[in-house]
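Have a look at the structure below, then the notes.
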Amino acid sequence: MSDEKAKEQNSIPTSKVERSAKFVKTGFKVGGNYIKHYSKKLFNPNLDRTELNEDNAADIYESLSELKGSALKVAQMLSMDKNILPKAYVDKFSQSQYNAPPLSGPLIVQTFRKYFGKSPEQIYDRFNLRSANAASIGQVHRAELNGKKLAVKIQYPGVGDSISSDLKLVKPFAFRLLGMSEKELDVYMREVEERLLEETDYELEVRRSIEFSNACSGLNNTVFPTYYPELSSKRIITMSWIDGQHLKEFLQTNPSQELRNQIGQALWDFYNFQQHELRAVHADPHPGNFLITPEGKLGTIDFGCIKEMPEDFYYPFFSLTSTNLLDNKEETIKAFRKLEMILPNDSAQQIEFYYGMYHKMISLFAKPYMSSSFDFGQTAFFDELYGFGEQISKMPEFKQARGVKHFIYVNRTNFGLYNILHELNAQVKTDTYKPHVVLAH
């Protein structure tokens, strides 16, 4: 265990005043970094923003990782959107996927006393007070009961109660980093808030975890923990322990192409089965939520974030990605209108512009769906996809809010899936679970 991972936090700011003070302090630090940057630029006009971005990313991440919760979760989400943030932020924020500073033992015992009226030692035969893994909303501890190895996930104090106020505080940072319009940022933050309120309700997570792992139990090469509702509460979840490696560790073992393909296929089937058969999907596809077991199976250890897809989003969206609808301009524009990618007040010139841009974007995104198999190891596809994403993120025409709110998590899910498959270098059969849409003529 590295020193960085071993540092424990003995307290966590829980009141609005304490949390707000932390943000203000960070704001001053970031302001100081800008002053330092522009002072240096006076003497060196060619100075780029690399050092500024690195200093800001380090200060913002340090603050968010102490606060935990929704602010850190937003950082984690942004780190997955590779073409939204400068590299320094992506690198720093991605640490929150499985390496945030853990809380100390006394704070953990306090949480157990609050929800069970007992200490962990009175509930389990064995309980390791040192966390095995710490992320944005909670941390995981090893435990044993009746000879069974368990994973106990404990939510950080104050996280569930501070979502709305934290997101208000994170807004100015997000505004500066993302360059979104006020309206677009509001839609983004509202959807994030809705999902986070669900994600911090551990009773809901246990119910969903049981429901989804049962529904997905027939999929090849996938395993799920067993959940124990009687040993869980609003802020604590007890499940069976799954032995395995996170993606990064797995890739360091230099796995065979066959094994990479097997894990990639399991991931593809896991996501597309949910999208097309359940119309609701595990919407948090960062590598920290998966383990690769010694038997070469995919273990999914977190169902906290689920995105349901209503029919008025599902049909137009997947008709565009999975049928020949894009060949029909009139029908494509109709679908774009339903999805609010083209707006009622757009001029003929704007309709033409957005039709062309979105047509290209979806044609690129849909490539894996358009053949029976796809090689996610090819860098040309990703260079083109992210290059185009970067190009439009800089265009003034895309500063206004476009697209229904469902895109936020559905895009995050699918791009997150693509990224993991790319890291795996996996070749995948993409026709295993097809969208239920009528083919256009």
Side-chain angles (χ1 to χ4, degrees), residues 77 80 191-192 194-227 229 232 237 239 242 263-291 297-323 335 338-339 365-366 368-369 372 374 403-421 426 428-439:
M77 284 173 65
M80 290 164 63
E191 177 73 352
V192 168
E194 219 172 276
R195 297 284 77 73
L196 283 170
L197 285 167
E198 291 178 356
E199 212 172 329
T200 51
D201 180 348
Y202 279 3
E203 287 166 335
L204 173 66
E205 182 175 338
V206 168
R207 288 197 300 276
R208 278 178 161 173
S209 301
I210 293 168
E211 185 189 324
F212 273 75
S213 49
N214 284 342
C216 298
S217 61
L219 297 173
N220 288 334
N221 297 312
T222 53
V223 289
F224 305 98
T226 302
Y227 291 85
S232 303
I237 296 178
M239 61 188 113
I242 290 184
I263 297 300
Q265 191 67 54
L267 260 168
W268 179 267
D269 290 351
F270 174 70
Y271 275 100
N272 283 284
F273 170 77
Q274 288 172 77
Q275 288 191 124
H276 307 309
E277 302 303 322
L278 307 180
R279 299 287 163 83
V281 67
H282 176 289
D284 199 3
H286 74 73
N289 283 339
F290 300 102
L291 290 170
K297 292 180 189 287
L298 178 77
T300 304
I301 51 175
D302 190 318
F303 278 98
C305 184
I306 298 291
K307 173 65 188 165
E308 290 177 8
M309 286 184 273
E311 292 202 349
D312 58 0
F313 172 80
Y314 179 88
Y315 284 108
F317 178 66
F318 283 104
S319 295
L320 289 166
T321 63
S322 312
T323 71
K338 279 182 194 163
L339 295 166
F365 170 78
Y369 284 93
S372 59
F374 195 78
V404 292
K405 67 174 187 173
H406 306 294
F407 274 117
I408 295 165
Y409 275 86
V410 172
N411 282 353
R412 178 191 177 205
T413 298
N414 285 289
F415 281 110
L417 170 63
Y418 281 19
N419 273 329
I420 298 178
L421 292 170
V428 166
K429 284 182 188 157
T430 50
D431 60 357
T432 46
Y433 292 97
K434 288 186 169 175
H436 296 283
V437 289
V438 178
L439 291 178

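To the nearest 0.5 angstrom, L339 atom CG is 14.0 Å from Y315 atom OH. One distance of note links CZ of R208 with OG of S213; it measures 13.5 Å at 0.5 Å rounding. Note that the CG atom of L298 and the CZ atom of F290 stand 6.0 Å from one another [nearest 0.5 Å]. Taken to the nearest 0.5 Å, the CD atom of Q274 stands 4.5 Å off from the SG atom of C216. Considering CD1 of I301 and CD1 of I237, their distance stands at 11.5 Å, rounded to 0.5 Å. Atom CD of E194 sits about 4.0 Å away from atom NZ of K405, to the nearest 0.5 Å.
Side-chain contact between F303 and L204 is absent, with no heavy-atom pair separated by less than 4.5 Å. Contact of the Y418 side chain with the P368 side chain is registered, since non-hydrogen atoms from C-beta on lie closer than 4.5 Å. Looking at heavy atoms from C-beta onward, T300 lies out of side-chain contact with T222 at the 4.5 angstrom threshold. Contact check for S232 versus E203: no side-chain heavy atoms found under the 4.5 Å cut-off.
Of all non-hydrogen atoms in P285 and I420, the two that sit nearest each other are O-CD1, 3.1 Å. Nearest approach of A366 to T321, heavy atoms of both residues: CB-O, 3.3 Å. I242 approaches L291 most closely through the heavy-atom pair O-CD1, 3.4 Å. Taking both residues in full, the closest heavy atoms of P435 and Y314 are given as CA-OH, 3.3 Å, listed atom of the first, atom of the second, then distance. Contact detail for H282 and N289: the closest heavy-atom pair is CE1-ND2, 4.0 Å. The two residues V404 and K338 have their closest heavy-atom pair at CG1-O, 4.1 Å.
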Under the side-chain contact (heavy atoms from CB on, under 4.5 Å) rule, what do Y227 and I210 come out as? Steps first, then yes or no, please. CA-CA 7 Å; Y227 291 85; I210 293 168; 3.9 Å; yes
What's the verdict on side-chain contact (heavy atoms from CB on, under 4.5 Å) for F270 and L417, showing C-alpha distance, side-chain angles and the deciding distance? CA-CA 10 Å; F270 174 70; L417 170 63; over 6 Å; no
F224 vs F212, ring-ring contact (aromatic ring centres under 6.0 Å, His included): CA-CA, chis, key distance, verdict: CA-CA 10 Å; F224 305 98; F212 273 75; 9.7 Å; no
Kindly indicate, with the supporting measurements, whether the criterion side-chain contact (heavy atoms from CB on, under 4.5 Å) is fulfilled by W268 and F374. CA-CA 11 Å; W268 179 267; F374 195 78; over 6 Å; no
Show, in sequence, the C-alpha distance, side-chain angles and deciding distance for D302 and E205, and conclude whether the side-chain contact (heavy atoms from CB on, under 4.5 Å) test is met. CA-CA 8 Å; D302 190 318; E205 182 175 338; 3.6 Å; yes
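The backbone N or O of V410 sits less than 3.5 Å from a side-chain atom of N414, completing a donor-acceptor pair. Here the side chain of D269 pairs no donor or acceptor atom with the backbone of N220 at under 3.5 angstrom.
Aromatic ring pairs are classed by plane angle as parallel below 30°, tilted from 30° to 60° and perpendicular above 60°; the pair H276 and F318 is perpendicular.
When only modelled atom types and interatomic distance are considered, N272 and Y369 share a side-chain donor-acceptor pair under 3.5 Å.
At least one cation-pi condition fails for R412 and Y271: the charged atom is not both under 6.0 angstrom from the six-membered ring centre and inside a 45 degree cone around its axis.
Taking 4.0 Å as the cut-off between side-chain N and carboxylate O, R195 and E198 count as a salt-bridged pair.
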If you look only at distance, which donor and acceptor atoms sit under 3.5 Å apart when one is on a side chain in residues 304-311 and the other is two or more places apart or in another chain?
unit_1 : atom_1 : unit_2 : atom_2 : d
K307   : NZ     : E191   : OE2    : 2.9
K307   : NZ     : H406   : ND1    : 2.8

